[in-house]
Each structure stands twice: as structure tokens, then as C-alpha cells.
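The block underneath contains the structure these notes are about, expressed in C-alpha cells.
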There are 2 protein chains.
Amino acid sequence: MRRVKLQIKRIENTTNIQVTFSKRRSGLIKKAYELSVLCDVDVALIMFSPSGRLSLFSGNKSIEEILARYVNLPEHERGR
Amino acid sequence: MRRVKLQIKRIENTTNIQVTFSKRRSGLIKKAYELSVLCDVDVALIMFSPSGRLSLFSGNKSIEEILARYVNLPEHERGR
DNA sequence: CTATCTATCTATAACTA
DNA sequence: TTAGTTATAGATAGATA
């Protein structure tokens with residue numbers, strides 16, 4: 001099992017990238033879902049897999065609704 | 001400290017919502033960052049806080065670039 | 001309200017099949 | 001390859017300041 005602390009840097013092995021992406025993608029979506037429910041907030045998550053495929057998550061509302069909410073913000077509220 | 005398993009349902013206490021949102025928001029952004037680095041993929045995260053304020057994260061590219069990549073996908077690739 | 005601490009829960013890298 | 005297991009690293013709820 002894991003014996004050392006994980007280094008956050010690009011994985012080189014192609015198979016390993018895909019396995020890691022698949023597992024962490026699930027974990028990330030789960031966390032996003034929990035946040036949206038616990039705090040009753042809008043969360044949208046857009047990811048492109050290593051092979052370029054799209055993955056989406058949105059809590060409460062649809063992706064389109066959340067993106068629209070973002071796009072419609074006044075300019076000065078959009079800069080992070 | 002925590003003695004029981006957390007139930008994923010809306011938190012009722014207002015102060016607690018804000019504290020939980022703040023902590024989990026950090027955790028979610030960290031996970032999104034790690035995924036983007038480990039797997040070298042585009043990740044965009046859009047959240048609205050309980051008070052309606054915007055929080056953004058994007059790995060590798062800007063939010064605008066990732067949203068553009070999403071919007072420009074052919075229709076049949078956009079449905080989750 | 002904000003920041004830190006820590007016991008406990010959860011995610012997951014390496015492993016097995 | 002993909003799916004399941006498990007031990008350890010990592011996240012975090014509640015406590016404390």
C-alpha cells in the first residue's frame with residue numbers, strides 16, 4: 001500500500017494517469033455533491049479527461065443555469 | 001471531535017453553514033488542483049457561497065478558456 | 001467572526017485477481 | 001485492461017482560543 005507521501009506532479013505513465021483520473025474524478029464529484037447539499041449552494045464542475053472527453057457535475061441546478069448565473073454577473077464580481 | 005458519521009443533508013445553522021462552506025470549499029479546490037496537475041487536464045470549478053458570492057477555480061487554463069472549450073463542443077458531446 | 005488543533009472519518013495508491 | 005481490497009495519507013467536525 002502507500003508508504004510515502006504523494007507528490008503532486010504530472011503522472012508520466014499513461015495507464016496510471018487514466019486509473020488515477022477515474023478514481024479522483026469520482027472523489028471530486030462526490031465532494032462537490034456534498035458541498036452543494038450541506039450548504040445548499042450552486043456548484044458546477046467541468047473536467048476534460050486525459051483523452052479529451054468531457055465530464056460534468058452540477059448540484060441543485062443544471063450546468064447551463066449555473067453558467068448563466070456566472071456569465072450574467074456584473075463584470076466586477078467575476079474576477080476571482 | 002467527530003463521534004458519528006456525517007449525514008449529507010442541508011445544514012440548518014447559519015453560522016455552521018458558513019464555516020463548513022469555507023472549509024470544504026478549500027478542500028474541493030485543493031482536490032481539483034491536484035487532479036489538474038496529476039493528470040494534466042483542464043478542470044473548472046464554479047461555486048456560489050451561501051451568501052451568493054462567486055468562487056472560482058481553474059487548473060492549467062483560465063476559466064474563460066475552459067468554458068469556451070465546453071461551449072464549443074459539438075452538441076452531442078455536451079450531454080453528460 | 002476567524003484561526004488553529006486533533007481525533008476521527010474518508011479518499012485513495014499500491015496491491016491483488 | 002478493469003474491478004475489488006487495504007493500509008496509510010489526507011480531509012474535516014467539533015472543540016478551543
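Below, chain A is the first sequence line, B the second, and so on; all start at residue 1.
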Whole-Å gap separating C1' (dA13(C)) and CZ (Arg25(A))
19 Å
Is there a Watson-Crick or G-U wobble partner for dC1(C) with both distances under 3.5 Å, and if so, which one is it?
none
Side chain of Arg24(B): nearest nucleotide among dT12(D), dA9(D), dT12(C)?
dT12(D)
Taking any heavy-atom pair under 4.0 Å as a contact, classify Lys23(A): base, sugar-phosphate, or nothing.
base
Whole angstrom value for the distance that separates C1' of dT12(C) from NZ of Lys31(A):
11 Å
Kindly say whether Asn16(B) contributes a backbone atom to a donor-acceptor pair with the side chain of Thr20(B) at under 3.5 angstrom?
yes
Toward the 5' end of DNA chain C, by each residue's nearest nucleotide, Glu34(B) or Asn16(B):
Asn16(B)
So which one's nearest nucleotide on DNA chain D is more toward 5', Thr15(A) or Lys30(B)?
Thr15(A)
Point-to-point distance, once rounded to the nearest 0.5 Å, from CZ of Phe21(A) to CG of Leu28(A)
9.0 Å
Ile29(B) CD1 to dT12(D) C1', in whole Å, measures 16 Å
Hey, what do you get for NZ (Lys31(A)) to CG (Leu38(A)), rounding to the nearest 0.5 Å?
10.0 Å
Can you measure Phe21(A) atom CZ to dA11(C) atom P for me and round it to whole angstrom units?
18 Å
Check the distance between dA13(C)'s C1' and Glu12(A)'s CD and give it to me in whole angstrom.
17 Å
Nearest whole Å is fine: how far is dT12(D) P from Ile17(B) CD1?
17 Å
By the 4.0 Å heavy-atom rule, please label Thr20(A) as base, sugar-phosphate, or nothing.
sugar-phosphate
Atom CD1 in Ile46(A), atom CZ in Arg78(B): separation rounded to 0.5 Å?
10.5 Å
The side chain of Gln18(B) is closest to which nucleotide in this list: dC1(C), dA13(D), dG14(D)?
dC1(C)
Both Leu38(B) and Thr14(B) contact DNA chain C. Which one's nearest nucleotide lies toward the 5' end?
Thr14(B)
Could you tell me if Arg69(B) sits above the aromatic ring of Phe48(A), with its cationic atom closer than 6.0 Å to the ring centre and no more than 45 degrees from the axis?
yes
Whole-Å distance between dT12(C) P and Lys5(A) NZ?
16 Å
